[in-house]
Engineer: 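This structure is in structure tokens; I'll ask about it shortly.
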Amino acid sequence: SGTWLLYLPCTWSIGLATEPGCLPDWHMLSLFGVGAVLMRGAGCTINDMWDRDYDKKVARTASRPLAAGDISTFHSFVFLGGQLSLALCVLMCLNYYSIVLGAASLSLVITYPLMKRITYWPQLVLGFTFNWGALLGWSAIKGSCEWSVCLPLYLAGVMWTLVYDTIYAHQDKRDDIIIGVKSTALQFKEDTKQWLSGFSLAMLLSLCVAGMNCNQTFPYYSAVAAIGAHIAHQIYTLDIDKPEDCWKKFASNRTVGVLLFIGIVLGNL
């Protein structure tokens, strides 16, 4: 699911940057797909390197290779070097502006795993990290960012991440309290649904602004409405104290991203 959630904002951005009457560039979508797989992998490696002592104490993560002692820290550095080198090869296929913009995201990728030690809002930093593709996709097509479209699209993605990753964090809250890790799930507690509703509203508004600023049409706004209904249903039926329900709701967010991409493609034809 994580790779999809990283990839989908790239597809929205590429779709919105496409010339009216055309389908999105399949070569660019494929390139970003490969990039998403590599950067998601690199992010997981960095996360596991920072967290190996924490992971040993949590049932869900104790079997991860570093936590279980199956591989050494040195070997994980070598593996990470390989992942980042391949990701750089993908980035070098893009224009100069996009190479610089893409490289700028690395500071977020490296520092994100530390955030749960220092703030109750690590999900916000994940949002900044995971939705970088909303900026990068547009610049890869157009040569630079049109901020009146890219910023609201990016903000929508950040709000979306706050929704799905807060739901995800509720799975681990008992372990997180014991080992002293922070999250929005622990910050919001029983008020989670009100917060999620606020984030969802901000997401939908941002998507409308992004759509208006690049002259999107009826199919786009239909998709935004469908997303609103999907997320409303998620929040309404969510049981924050059932880890399996949290996982189910979290995983269903791939549908949200795919719906928006379909709306963008159809709205552009």
Engineer: Going through the distances and angles, do Met203 and Val256 end up as a side-chain contact (heavy atoms from CB on, under 4.5 Å)?
Structural biologist: CA-CA 12 Å; Met203 175 195 183; Val256 171; 4.1 Å; yes
Engineer: Quick one: does Thr217's side chain get under 4.5 Å of Pro219's, heavy atoms only?
Structural biologist: yes
Engineer: List the atom of Cys145, the atom of Leu101, and the distance in Å for their closest heavy-atom pair.
Structural biologist: SG-CD2, 4.0 Å
Engineer: For Thr11 and Met28: C-alpha separation, side-chain torsions, deciding distance, then whether side-chain contact (heavy atoms from CB on, under 4.5 Å) applies.
Structural biologist: CA-CA 9 Å; Thr11 70; Met28 202 59 88; over 6 Å; no
Engineer: For residues Leu91 and Ser98, determine if any side-chain heavy atom of one lies less than 4.5 Å from a side-chain heavy atom of the other.
Structural biologist: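 No, too far: nothing below the 4.5 Å cut-off.
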Engineer: Under 3.5 Å, which donor-acceptor pairs link side chains of residues 261-269 to any protein atom two or more places apart or in another chain?
Structural biologist:
from	atom 1	to	atom 2	distance (Å)
Asn268	ND2	Thr18	O	3.1

Engineer: Show, in sequence, the C-alpha distance, side-chain angles and deciding distance for Thr45 and Gln83, and conclude whether the side-chain hydrogen bond (donor to acceptor under 3.5 Å, both in side chains) test is met.
Structural biologist: CA-CA 9 Å; Thr45 305; Gln83 288 172 307; 2.8 Å; yes
Engineer: Would Tyr54 end up clustered with Tyr112 when hydrophobic side chains under 4.5 Å apart are linked, directly or stepwise?
Structural biologist: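 Not linked; separate clusters.
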Engineer: Taking all non-hydrogen atoms of both residues, which atom of Ser13 and which atom of Trp138 are closest, and how far apart?
Structural biologist: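 Minimum heavy-atom contact is OG-N, 2.8 Å.
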Engineer: Would a distance-only check, ignoring hydrogens and angles, find a side-chain to backbone donor-acceptor pair under 3.5 Å from Asn213 to Ser148?
Structural biologist: yes
Engineer: So which atom in Lys142 and which in Ala17 form the shortest heavy-atom distance, rounded to 0.1 Å?
Structural biologist: CE-O, 3.2 Å
Engineer: Is Leu38 reachable from Ile110 through a run of hydrophobic residues whose side-chain heavy atoms are each under 4.5 Å from the next?
Structural biologist: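 Yes, Ile110 connects to Leu38 through the hydrophobic network.
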Engineer: Taking all non-hydrogen atoms of both residues into account, name the closest pair between Pro24 and Ile14 and its distance.
Structural biologist: CB-CG2, 4.3 Å
Engineer: May I ask you to decide if Gly257's main-chain N or O and Trp12's side chain share a donor-acceptor pair within less than 3.5 Å?
Structural biologist: yes
Engineer: Test salt bridge (Lys or Arg N to Asp or Glu O under 4.0 Å) on Lys116 and Asp51 and set out the steps.
Structural biologist: CA-CA 10 Å; Lys116 56 181 173 283; Asp51 284 359; 2.8 Å; yes
Engineer: Tell me yes or no: between the side chains of Thr166 and Gln123, is some donor less than 3.5 Å from an acceptor?
Structural biologist: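 No pair is found: no donor N or O on one side chain lies under 3.5 Å from an acceptor on the other.
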Engineer: Tell me the closest heavy-atom pair linking Thr237 and His233, and the distance in Å.
Structural biologist: OG1-O, 2.8 Å
Engineer: Can you tell me how far CE of Met49 sits from OG1 of Thr73, rounded to the nearest 0.5 angstrom?
Structural biologist: 7.0 Å
Engineer: Can I get a per-line list of side-chain donor-acceptor pairs under 3.5 Å for residues 151-163, giving both atom names and the distance, sequence neighbours left out?
Structural biologist:
from	atom 1	to	atom 2	distance (Å)
Tyr154	OH	Phe128	O	2.7
Trp160	NE1	Asn253	OD1	3.0
Thr161	OG1	Asn131	ND2	2.8
Thr161	OG1	Gly157	O	3.0
Thr161	OG1	Tyr164	OH	3.2

Engineer: Could you give the distance from OG1 (Thr61) to CG (Asp172), rounded to the nearest 0.5 Å?
Structural biologist: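 One finds 7.5 Å between OG1 of Thr61 and CG of Asp172.
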Engineer: Which pair of non-hydrogen atoms, one from Ala62 and one from Lys56, has the smallest distance, and what is that distance?
Structural biologist: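 So the two residues come closest at CB-O, 3.9 Å.
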Engineer: Is there a donor-acceptor contact under 3.5 Å from the side chain of Arg40 to the main chain of Val37?
Structural biologist: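 Between the backbone of Val37 and the side chain of Arg40 there is no qualifying donor-acceptor contact (under 3.5 Å).
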Engineer: Verify the cluster assignment for Leu29 and Trp4: are they in a single hydrophobic cluster under the rule of side-chain heavy atoms below 4.5 Å apart?
Structural biologist: yes
Engineer: Carefully, step by step, assess Lys249 and Glu244 under the rule salt bridge (Lys or Arg N to Asp or Glu O under 4.0 Å).
Structural biologist: CA-CA 9 Å; Lys249 298 295 192 294; Glu244 58 278 10; over 6 Å; no
Engineer: Can you find a pair of side-chain heavy atoms, one from Arg64 and one from Val58, that are under 4.5 Å apart?
Structural biologist: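 Contact flag for Arg64/Val58 side chains = no.
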Engineer: Is there a side-chain hydrogen bond (donor to acceptor under 3.5 Å, both in side chains) between Ser144 and Ser139? Walk through the geometry before answering.
Structural biologist: CA-CA 4 Å; Ser144 65; Ser139 76; over 6 Å; no
Engineer: Starting at OH of Tyr168, measure out to CG of Leu5 and round the result to the nearest 0.5 Å.
Structural biologist: 10.5 Å
Engineer: Any sub-3.5 Å donor-acceptor pair from Ser183's side-chain atoms to Leu186's backbone N or O?
Structural biologist: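 Checking the backbone N and O of Leu186 against the side chain of Ser183, a donor-acceptor pair under 3.5 Å is found.
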Engineer: Between Tyr220 (side chain) and Leu16 (backbone), is there a donor-acceptor pair under 3.5 Å?
Structural biologist: no
Engineer: Does Ser197 form a side-chain contact (heavy atoms from CB on, under 4.5 Å) with Ile235? I'd like the steps, not just the answer.
Structural biologist: CA-CA 7 Å; Ser197 302; Ile235 296 170; 4.0 Å; yes
Engineer: ring-ring contact (aromatic ring centres under 6.0 Å, His included), that's the test. Do Trp121 and Trp195 meet it? Break it down for me.
Structural biologist: CA-CA 13 Å; Trp121 289 80; Trp195 280 92; 5.6 Å; yes
Engineer: Hey, what do you get for CG (Leu207) to CD (Gln216), rounding to the nearest 0.5 Å?
Structural biologist: 10.5 Å
Engineer: Using side-chain heavy atoms (C-beta onward) and a distance below 4.5 Å, is Lys57 in contact with Ile178?
Structural biologist: no
Engineer: Using atom types as modelled and distance alone, determine if a side-chain donor or acceptor of Asp245 lies under 3.5 Å from a backbone N or O of Asp239.
Structural biologist: yes
Engineer: With a sphere of 6.0 Å drawn around NZ of Lys193, does it hold more than 12 non-hydrogen atoms of other residues, nucleotides or ligands?
Structural biologist: yes
Engineer: Could you walk me through whether Lys182 and Asp176 pass side-chain contact (heavy atoms from CB on, under 4.5 Å), step by step?
Structural biologist: CA-CA 7 Å; Lys182 301 175 173 72; Asp176 287 349; over 6 Å; no
Engineer: Considering only heavy atoms from C-beta outward, does the side chain of Trp132 approach that of Cys10 to under 4.5 Å?
Structural biologist: no
Engineer: With hydrophobic residues grouped by side-chain heavy-atom distances under 4.5 Å, do Ile179 and Ile177 end up in a single group?
Structural biologist: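 No; Ile177 is not reachable from Ile179 via cluster members.
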Engineer: Hydrophobic cluster mates of Phe218, side-chain heavy atoms under 4.5 angstrom, ILVMFWY only, any path?
Structural biologist: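 Besides Phe218, the hydrophobic cluster comprises nothing; the residue is isolated.
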Engineer: Treating Thr119 as the side-chain partner and Pro122 as the backbone partner, does any N or O pair qualify as donor plus acceptor under 3.5 Å?
Structural biologist: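 Judged by distance alone, no pair lies under 3.5 Å.
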Engineer: Between Val100 and Leu108, is there a shared hydrophobic cluster once you connect ILVMFWY residues whose side-chain heavy atoms come closer than 4.5 Å?
Structural biologist: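 Each belongs to a different hydrophobic cluster.
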Engineer: Just verifying a value: how many Å separate Leu94 CG and Tyr97 OH, rounded to the nearest 0.5 Å?
Structural biologist: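 Output value for this atom pair is 13.0 Å.
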Engineer: With side chains defined as the heavy atoms from C-beta onward, is the minimum distance between Val109 and Phe130 less than 4.5 Å?
Structural biologist: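 No, every pair of side-chain atoms sits at 4.5 Å or beyond.
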Engineer: If I take atom CG from residue Leu80 and atom CD1 from residue Ile46, how far apart are they, to the nearest 0.5 angstrom?
Structural biologist: 5.0 Å
Engineer: Would you please say whether a donor-acceptor pair under 3.5 Å links the side chains of Ser30 and His27?
Structural biologist: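 There is no such pair (donor and acceptor under 3.5 Å, judged by atom type) between the side chains of Ser30 and His27.
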Engineer: Is His75 close to Asp70 at the side-chain level, that is, under 4.5 Å between some pair of heavy atoms?
Structural biologist: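 Side chain of Asp70 against side chain of His75, heavy atoms only: no contact under 4.5 Å found.
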Engineer: Could you check whether atom CZ of Phe79 has more than 12 heavy atoms from other residues, nucleotides or ligands sitting under 6.0 Å from it?
Structural biologist: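 Not buried by this count: 12 neighbours or fewer within 6.0 Å.
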Engineer: Report yes or no: does Arg117 contribute a side-chain atom to a donor-acceptor pair with the main-chain N or O of Pro113 at less than 3.5 Å?
Structural biologist: yes
